Amino acid sequence: MDLQAIIDDIASAFAERRGEGKVADYIPELAKVDPKQFAIAITTVDGAVYTAGDAATPFSIQSISKVFMLTLALGKAGETIWQRVGREPSGSAFNSIVQLEHELGIPRNPFINAGAIVICDMVLAGYKPKEAIGELLRFVRYLADDETISIDRAVAKSETQTGFRNYALANFMRSFGNLHHDVDHVLGVYFHQCALSMTCQQLSRAGLFLAAQGADPISGYSVVSPKRARRINALMLTCGHYDGSGDFAFHVGLPGKSGVGGGILAIAPGKASIAVWSPGLNKVGNSLLGSLALEMLAARTGWSVFGA
Ligand code: GLN
């Protein structure tokens with residue numbers, strides 16, 4: 001299979017449509033991004049890398065970071081995390097507050113904002129906010145084997161200044177006792193985590209352990225157990241696209257995690273880790289062209305967790 005030819009075809013198929021969708025503007029710094037950018041990168045389990053478009057341009061990975069933070073929290077607290085966060089799709093927007101009251105401050109899953117904020121609270125245990133962010137940055141640099149990855153401070157600041165919803169979610173959960181640290185500290189970690197800036201190439205490399213039973217096939221190091229990798233993939237499949245998760249599974253058929261920066265990380269278990277980026281979002285806040293590009297990639301490669 002000629003993966004380079006496939007992604008070149010995909011990039012040219014969408015060349016005319018670059019800029020479609022709506023760039024997230026509720027975080028003012030994200031609204032400044034050129035909407036016409038488009039990128040795909042694939043890292044296969046045998047270490048080959050294929051890129052097309054703007055795959056070397058860093059972008060704000062936003063909620064894709066929730067996969068890496070969840071992995072850290074599982075490493076730190078193990079299965080006890082499930083006492084404070086669920087594993088069910090929410091069927092609601094990523095920043096929704098409605099279920100939280102009925103469900104006594106326990107968020108549906110670790111990939112909606114409320115769930116990710118609880119995960120930050122867990123990683124913060126025993127640390128200062130700066131140390132928790134440092135731990136995440138070290139982990140992502142290690143996974144991507146790239147020390148140049150950084151946090152975009154302007155994006156973190158922009159989110160801090162406009163994160164009213166996230167403050168509401170965090171305070172609400174704190175009232176139920178499901179946040180153990182200062183709301184400002186937890187959100188400081190959360191906003192910096194979301195402001196991680198990575199290229200598609202770096203992101204596809206960082207996700208590779210999830211395509212390879214939890215071990216990095218290039219370095220040989222184990223990141224998580226095979227069972228944990230399967231479970232993270234299961235959560236990405238069921239919850240990684242908020243109330244668009246069913247549709248993503250239907251059209252793409254791979255575990256995936258989106259972010260409002262327009263990126264998506266998708267995992268083809270046993271095959272490859274894929275990152276796409278196009279800033280324009282669809283109605284549920286997932287990359288419009290990125291989702292379509294992954295659908296085309298899945299169709300052309302036959303990659304699917306539901307059978308060939
Ligand atoms: N930082 C964003 C927020 O909290 C993340 C949302 C997303 O990427 N879906 O609103």
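In this text the structure is predicted, and so the values were computed from the model without any measurement. For ligands, and for the atoms within them, numbers begin at 1 and follow the listed sequence. Residue numbers start at 1 and run along the sequence shown. These values consider heavy atoms only, across backbone and side chains, with no hydrogens, waters or symmetry-generated copies.
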Under 4.0 Å from a heavy atom of [X]: give me the atoms of ligand 1 that qualify, with their elements.
| X | result |
| --- | --- |
| Ser63 | 5 (C), 6 (C), 7 (C), 8 (O), 9 (N) |
| Asn166 | 3 (C), 4 (O), 10 (O) |
| Tyr242 | 7 (C), 9 (N) |
| Cys194 | 1 (N) |
| Tyr190 | 1 (N), 2 (C), 3 (C), 4 (O), 5 (C) |
| Gln62 | 1 (N), 2 (C), 5 (C), 8 (O) |

Contact with ligand 1 for Asn113, non-hydrogen, under 4.0 angstrom: yes
Is it the case that ligand 1 has an N or O less than 3.5 angstrom from some N or O of Glu159? yes
What about Gly259: any of its N or O atoms under 3.5 Å from an N or O on ligand 1? no
Gln202 versus Arg141: any side-chain heavy-atom pair under 4.5 Å? no
Please state which part of Phe191 comes within less than 4.0 Å of ligand 1, counting heavy atoms only: side chain, backbone, both or neither. neither
Pick one of side chain, backbone, both or neither for how Asn95 approaches ligand 1, counting any non-hydrogen atom pair under 4.0 Å. neither
How about NZ on Lys157, more than 12 heavy atoms from neighbouring residues, nucleotides or ligands closer than 6.0 Å, or not? no
Considering residues, nucleotides and ligands other than Tyr221, do more than 12 of their heavy atoms fall under 6.0 Å from its OH? no
For the residue pair Tyr142 and Phe139, does the interplanar ring angle fall in the parallel (under 30°), tilted (30 to 60°) or perpendicular (over 60°) class? parallel
Ring-plane angle category for Phe248 and His241, please: parallel below 30°, perpendicular beyond 60°, tilted otherwise. parallel
among protein heavy atoms, the one nearest atom 10 (O) of ligand 1 is Tyr26 OH, 2.5 Å
Under 4.5 Å between side-chain heavy atoms, counting indirect links through other Ile/Leu/Val/Met/Phe/Trp/Tyr residues: same cluster for Phe68 and Ile267 or not? yes
Any donor-acceptor pair under 3.5 Å from Gln37 side chain to Ser278 backbone: no
Taking Gly188's backbone N and O only, do any of them form a donor-acceptor pair with His192's side chain (distance below 3.5 Å, no angle check)? yes
